[in-house]
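First the structure, in the form of structure tokens, and then the observations on it.
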Amino acid sequence: MMMHNVAQNILRAARSSLGQTAWHRVSARGLCSSSPDIVIEKLSGDCEGIAVFGLNRPQAKNAISKNLLKEFKEGIDNVRHDRSVRVVLLRSMVPGVFCAGADLKERAKMKPEEVGPFVTKARACISDLENLPMPVIVALDGVALGGGLEIALACDLRVAATTTKMGLVETKLAIIPGAGGTQRLPRVVGSAKAKELIFTAAIVNGEEGEEIGLVNYVVPQNETGDAAYLRSLELAKKIIPNGPIGVKMAKVAISRGMEVDLSTGLSIEEACYAQVIPTKDRIEGLTAFREKRTPNYKGE
């Protein structure tokens, strides 16, 4: 009974994520009078269904400030219920850097009692990213340190360029990763390797990241500095044709199943499968297979 309740609670949360609300593209004038810290664009053509989030603080190497965090959360909240978005792709608009971590200049001006609440907001925002119903791919075309790597760890798939530098380096500042790094890194690379990386504040490149399972793919950097982004687009385009509800339920089953024992995980899988049975997309898939044509999934 307990396993059944766990699965049903997870499915209730998943079903609520399948709704739809309107949102608008955030352009250079979208969220503030000057250039925004987060640029969001819904792609078209053969990339239709992909929403790209671009980190855009060149003067601060995309360091996580109060305003960047605010805009990031707004973007996540807006895209969450948009059924036209089948994949979210996170990248940097700044050459050579993904995110240098927390904005230490801003942090130095905070009172001690302000630091805790800010880190709590950052942790919650990154969890919101992780809990988006659609797959999230991050393109690491540059440095991803501290909070930058913590953002990447919350994504479903990670693609890095060979020149990327990644690490949770907080112990060098006599603190610890506070936005999920101590929990997500062990789940990705294993406990022993995560302890080594965090204790030593080690920085690894793209190839080393692939060797330890930190990233799914590593690609040689190109002259325009966006090789990981281009590879991420290729990956996203392979997801788009598939049934969006099926992909979303698969994400729930995998992500939640990894947090529980196998028996409970199988109950979660069963509950997720039950959600796809009554969908129009499932019938469309069977019909298209019988008629030997490409299915036209609508997320219904």
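Since the structure is predicted, the reported quantities are computational estimates derived from the model, not experimental observations.
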Carboxylate-amine/guanidinium contact [X] [Y], below 4.0 Å:
X: K237; Y: E234; value: no
X: R83; Y: E300; value: yes
X: E259; Y: R187; value: no
X: D37; Y: K70; value: no

- Between T171 and A174, is there a donor-acceptor pair closer than 3.5 Å when you use the side chain of the first and the backbone of the second? no

- Query: V88 and side chain to side chain contact (heavy atoms under 4.5 Å, CB included): which partner among D156, I137, V136?
  - Reply: V136

Would you mind writing out the side-chain donor-acceptor pairs for residues 223-230 within the sub-3.5 Å range, not counting sequence neighbours?
unit_1: T224; atom_1: OG1; unit_2: N222; atom_2: OD1; d: 3.2
unit_1: T224; atom_1: OG1; unit_2: D226; atom_2: OD1; d: 2.6
unit_1: D226; atom_1: OD1; unit_2: N222; atom_2: ND2; d: 2.9

How long is the gap from [atom1] on [X] to [atom2] on [Y], to the nearest 0.5 Å?
X: S35; Y: M93; atom1: OG; atom2: CE; value: 10.5 Å
X: L173; Y: R107; atom1: CG; atom2: CZ; value: 9.5 Å
X: E208; Y: N205; atom1: CD; atom2: CG; value: 4.0 Å
X: F72; Y: D128; atom1: CZ; atom2: CG; value: 9.5 Å
X: S84; Y: E48; atom1: OG; atom2: CD; value: 8.0 Å
X: L129; Y: L90; atom1: CG; atom2: CG; value: 6.5 Å

Any heavy-atom pair between the side chains of [Y] and [X] that's under 4.5 Å?
X: V138; Y: R91; result: no
X: T164; Y: F98; result: no
X: E150; Y: L168; result: yes

- Query: Which residues, ordered by chain and number, are linked to V94 in its hydrophobic cluster, where ILVMFWY side chains connect at heavy-atom gaps below 4.5 Å, directly or through other members?
  - Reply: V97, V143, L145, V169, I203

- Look at the side-chain heavy atoms of Ile, Leu, Val, Met, Phe, Trp and Tyr, link any pair under 4.5 Å apart, and say whether V219 and M166 land in one connected group. no

- Message: If hydrophobic clusters are built by linking Ile, Leu, Val, Met, Phe, Trp and Tyr wherever their side-chain heavy atoms come under 4.5 Å apart, do V204 and V188 end up in the same one?
- Response: yes

- Task: Quick one: do E284 and K298 satisfy salt bridge (charged side-chain N to carboxylate O under 4.0 Å, His left out)? Show the steps, please.
- Result: CA-CA 9 Å; E284 166 63 12; K298 298 181 178 179; over 6 Å; no

- Please report the shortest heavy-atom distance between G178 and V119, naming the atom on each side. O-CG1, 3.3 Å

- Note on the structure: For P135 and V247, the nearest pair of non-hydrogen atoms, with its separation, is CG-CG1, 3.4 Å

- Task: Would you please say whether a donor-acceptor pair under 3.5 Å links the side chains of N78 and E74?
- Result: no

